[in-house]
Amino acid sequence: MRAWAVMRKELVSYFSGPLVYVVVGVFLTVTGYQFYTTLQGYVQIGFGMNILDNFWQEFFVQHIGRYLLIVVPLFTMRLLAEERRLGTIELLYTYPLRDSEIMLGKFAACLTVFLVFLGGTLLYPAIVYWLQPFDPAPFIARYLGAILFLASCIACGLFISSLTDSQVVASSCTLVILLLFWIVTWNEAAVNSSLLTALSQLSTFDHFWAFSRGVIDLKDVTYFVLFIAFFLFLTLRSMDSRQWRGRR
Amino acid sequence: MITVENLVKEFGSTRAVDHVSFSVQPGEILGLLGPNGSGKTTIMRVLTGFFPPTEGRVAIDGLDVGEHSLEVRQRIGYLPENVVLYPDLTVRRFLTFCAEVKGIASARRRGRLDEVMTACGLTEVAHKLIGQLSKGYRQRVGIAQAIIHEPRVLVLDEPTVGLDPGQIVDIRSLIKSLGGSTTVLLSTHILPEVSMTCERVIIIDYGRIIAEDTAEGLTLRLRGSEETRVRIVGTHAEVLDAVRSLPGVDAVREEGAVEGVVTLVTRSVRGDALRRDLAALVVGKGWDLLEIRPLPMSLEDLFVRLVHEDREGTA
């Protein structure tokens, strides 16, 4: 399987540099601190009827989700932009590889890196479970939501990375787009209610929020799957543009 | 094995390759010779399927490069110009990736890796990061990735550029050893390189083929050099006048000034015929001849002449 070979090559590149280790370290430190302080807040003040579920919902979206969103562009920016800048894209495009195999290999490698991030966050429910056992089933939905959300962010970042040979441009544009999808419904007062309903259909935040209640809704799964498919399709079109564009 | 018919490649309004046609027989080593920016790399990139031609047809082994892209790419080993590889992979890891992608069965992969690394002299740097290698070693890794799947066609873009003389000899003998079983197309802007490695040469300039010749033919053309260097023992003014008055001498240039020895470089389209006259002149006057030799033609000279011949032909 050739996509598998591309994925392994990407993973070796990721893990041979310091980026993954440093960012995972920073991420776990920051979310660890947030975990402690937010949990303290909920325990002492208590919000709503089901304090612990409310805590997990906020923690998953506002902390894990938000920090990962900021981190994603750091890992997607190099995927195709660096190949173009180095010139190694010429090797890939002249090897017997389909564009889709290159794309899927890179996408899967980046997603694997983020499974390491998510793997680290398993520590938090584990600590709470150790103090006070609870039903772990809702976490299936929360983690599925997190994986789908991350895959969406990566697909978007991969597409942006295919457009430029500058990693700085790739990461900043990706961040802008991801943030836009994230905050699009935040100011409810600024738009009328029918527009708000329409916008919330587009919002990554709202769909991830639904997952982190601990419920898997087909509507939210479909949203993320379409989001991923859309950006992967655009990536393929962008890679294929060498067929009709000038240089590179 | 390689067929190129009326290849045209345009980038916007610039035409990088202009109606180029040639073919390479199985097992042949063909050289593409031309100055920088003459369209060699563009031809190779079309051949390897990196981008499609604007017009014309390119086929490898009878398969059209555009229609059967994957099959063609499977048959080709390609060393790009200024070979750039993944700096954060080790040599072995990178070549493993190449072997996997090029579909070498896992059972054969280890053995083939060892073979290629031995052939390219990479065994001792197998576990070094490519980013830490010298230019010469990186070039060898580039060749290793091109030949790893034993391709039937090898496309090498400036394979010896940036190497030191010892390494150049190694790479050339490696390329020659592949000839016979592998069809090789290589590009260069170094004149002696083609006569040393290639059986046939295509000379291109501004995206057009201006000459096609065998290596021997090219060497002959070079021998018919326009410049001749003579060193004669004699009176300065007398020698200079006599040489200047020979028929067909366009220019005479003086070199060096050793007492009693006149060193001149003559330029004439008569080439060998002028050298005969020069020798006769020296003998007739009773001077001593210390040296007479045609100066090796530079690529620039060859081009001036070929472009000249080309224009004469079309006019």
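Keep in mind that what you see is a predicted model, and the values were worked out from it rather than measured. Numbered from 1 within each chain, the chains take letters A, B, ... in sequence-line order.
For a residue to count as touching a neighbouring chain, one of its non-hydrogen atoms must lie under 4.5 Å from one of that chain's; by this rule A:Leu91 touches chain B with the side chain only. Of the atoms belonging to A:Ser16, it is side-chain heavy atoms, and not backbone ones, that fall under 4.5 Å from chain B. With a 4.5 Å cut-off on non-hydrogen atoms, B:Leu85 touches chain A through its backbone and its side chain both.
For A:Phe227 and A:Phe181, the gap between ring centers is short of 6.0 Å. The aromatic ring centres of A:Tyr124 and A:Trp56 sit 6.0 Å or more apart. A distance below 6.0 Å separates the ring centres of A:Phe114 and A:Phe117. For A:Phe149 and A:Trp182, the ring centers are positioned less than 6.0 Å apart.
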